[in-house]
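Reviewing the structure listed below.
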Amino acid sequence: MTDTRLEPGDAAPEFTLTAADGSSVSLADYRGKRVILYFYPAAMTPGCTKQACDFRDNLAQLTSEGFVVLGVSKDAPAKLAKFVERDALTFPLLSDTSLEVHKAYGAFGLKKLYGKEIEGVLRSTFVLDGDGKVELALYNVKATGHVASLKKKIGLG
């Protein structure tokens with residue numbers, strides 16, 4: 001297990017993951033664009049659905065400001081495809097079943113769940129600049145209200 005935490009100015013770890021539609025998506029595909037990369041525990045759960053729909057509902061504004069949104073979870077592509085279809089999600093959801101990318105970003109580790117410490121996915125969001133550097137690293141974010149809070153932090157509030 002890693003306690004790696006990314007900080008602003010760090011190089012964002014490169015990755016290539018399988019998207020819900022079966023295509024391969026690499027961070028390098030988005031050079032020159034600002035990327036909002038968010039990690040969430042599980043597709044189709046209430047909090048993760050709220051967060052994904054929030055990103056979907058704000059996508060037009062984020063896109064018009066030059067941002068790309070990518071969601072990452074440990075779910076298999078088939079489950080992600082159901083999530084995309086069920087909630088009409090309009091941005092790529094990426095599968096990291098090995099948790100390698102989660103760990104590289106520090107989005108997997110010890111957390112409290114119902115008073116017990118367990119190892120799991122830490123709901124985290126990263127804003128990456130066009131050169132692949134971390135602008136913002138937000139760990140243990142809340143699903144509800146997160147996108148509004150994020151927009152304020154990136155000057156769109």
Side-chain angles (χ1 to χ4, degrees), residues 1-15 17-20 25 27 30 34-59 61-63 67-129 132-157:
M1 192 190 98
T2 176
D3 288 313
T4 305
R5 288 267 169 138
L6 296 176
E7 301 283 337
D10 287 350
E14 294 292 334
F15 61 81
L17 293 171
T18 302
V25 173
L27 183 58
Y30 298 100
R34 292 171 83 194
V35 175
I36 296 171
L37 179 68
Y38 82 98
F39 293 83
Y40 60 96
M44 300 197 278
T45 57
C48 297
T49 297
K50 169 86 179 105
Q51 188 179 22
C53 291
D54 228 0
F55 273 116
R56 176 199 66 205
D57 296 346
N58 284 278
L59 194 63
Q61 181 188 11
L62 292 168
T63 302
F67 288 93
V68 171
V69 175
L70 302 173
V72 181
S73 77
K74 64 186 185 315
D75 298 303
K79 185 173 182 187
L80 296 178
K82 287 180 185 151
F83 192 26
V84 166
E85 186 178 340
R86 186 190 79 176
D87 293 296
L89 301 176
T90 50
F91 55 88
L93 293 182
L94 309 178
S95 172
D96 180 30
T97 55
S98 71
L99 295 170
E100 277 179 41
V101 178
H102 283 73
K103 290 175 181 174
Y105 279 82
F108 186 84
L110 289 179
K111 64 180 186 176
K112 282 212 182 312
L113 188 66
Y114 306 115
K116 286 194 171 113
E117 239 186 23
I118 62 158
E119 199 174 55
V121 174
L122 307 174
R123 190 182 303 275
S124 306
T125 300
F126 303 88
V127 178
L128 312 176
D129 70 15
K133 295 258 189 271
V134 176
E135 281 183 36
L136 264 180
L138 306 169
Y139 291 95
N140 296 310
V141 300
K142 300 273 181 255
T144 303
H146 174 58
V147 175
S149 166
L150 179 64
K151 282 170 47 178
K152 284 190 182 107
K153 286 180 172 70
I154 57 176
L156 303 180

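Worth knowing before you read on, the calculation uses all heavy atoms, side chains too, and leaves out hydrogens, waters and symmetry mates.
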- request: Applying salt bridge (charged side-chain N to carboxylate O under 4.0 Å, His left out), name anything that partners Glu14, two or more places apart in sequence or on another chain.
  value: Arg31

[X] vs [Y] side-chain heavy atoms within contact, under 4.5 Å:
{"X": "Ile118", "Y": "Lys112", "result": "no"}
{"X": "Phe55", "Y": "Ile36", "result": "yes"}
{"X": "Leu94", "Y": "Phe15", "result": "yes"}
{"X": "Val147", "Y": "Lys151", "result": "yes"}
{"X": "Arg123", "Y": "Asn140", "result": "no"}
{"X": "Leu37", "Y": "Val72", "result": "yes"}
{"X": "Leu136", "Y": "Ile154", "result": "yes"}

Taking atom [atom1] of [X] and atom [atom2] of [Y], what is their separation to the nearest 0.5 Å?
{"X": "His102", "Y": "Phe39", "atom1": "NE2", "atom2": "CZ", "answer": "6.0 Å"}
{"X": "Leu110", "Y": "Glu117", "atom1": "CG", "atom2": "CD", "answer": "5.0 Å"}
{"X": "Thr4", "Y": "Asp10", "atom1": "OG1", "atom2": "CG", "answer": "10.0 Å"}
{"X": "Ser98", "Y": "Lys74", "atom1": "OG", "atom2": "NZ", "answer": "12.5 Å"}
{"X": "Leu128", "Y": "Leu27", "atom1": "CG", "atom2": "CG", "answer": "6.0 Å"}
{"X": "Tyr38", "Y": "Leu150", "atom1": "OH", "atom2": "CG", "answer": "11.5 Å"}

Test item: [X] side-chain N/O and [Y] main-chain N/O as donor-acceptor pair under 3.5 Å:
{"X": "Tyr105", "Y": "Pro13", "value": "yes"}
{"X": "Asn58", "Y": "Asp54", "value": "yes"}
{"X": "Lys103", "Y": "Phe108", "value": "no"}
{"X": "Lys111", "Y": "Val121", "value": "yes"}

- request: Taking only Lys NZ, Arg NE, NH1 and NH2, and the carboxylate oxygens of Asp or Glu, determine whether Glu135 and Arg34 approach each other closer than 4.0 Å.
  value: yes

task: Just jot down the ring-ring contact (aromatic ring centres under 6.0 Å, His included) partners of Tyr30, sequence neighbours excluded, or say none.
output: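 Checked Tyr30 against ring-ring contact (aromatic ring centres under 6.0 Å, His included); zero matches.
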
CA sep, side-chain torsions, deciding dist, call: Lys142, Gln51, side chain to side chain donor-acceptor pair (under 3.5 Å): CA-CA 9 Å; Lys142 300 273 181 255; Gln51 188 179 22; over 6 Å; no

- line: In terms of heavy-atom contacts, Gly9 and Lys133 come closest through O-CD, 3.2 Å

- line: Smallest heavy-atom separation, Ser95 atom then Thr97 atom, equals OG-CG2, 3.5 Å

- prompt: Can you pull the salt bridge (Lys or Arg N to Asp or Glu O under 4.0 Å) pairs that have at least one residue in residues 43-52, sequence neighbours excluded?
  reply: none

field: Partner residues of Arg56 under the side-chain hydrogen bond (donor to acceptor under 3.5 Å, both in side chains) criterion, sequence neighbours left out
entry: none

query: Partners of Ser124 by side chain to side chain contact (heavy atoms under 4.5 Å, CB included), sequence neighbours excluded?
result: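 Counting only residues at least two positions away or on another chain, Ser124 forms a side chain to side chain contact (heavy atoms under 4.5 Å, CB included) with Ala107, Leu122, Phe126, Tyr139.
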
Ignoring hydrogens and angles, write down the donor-acceptor pairs under 3.5 Å from the side chains of residues 75-91, residues two or more places apart or on other chains.
unit_1 : atom_1 : unit_2 : atom_2 : d
Asp75  : OD2    : Ala43  : N      : 2.6
Asp75  : OD2    : Ser73  : OG     : 2.8
Arg86  : NH2    : Thr49  : OG1    : 2.8

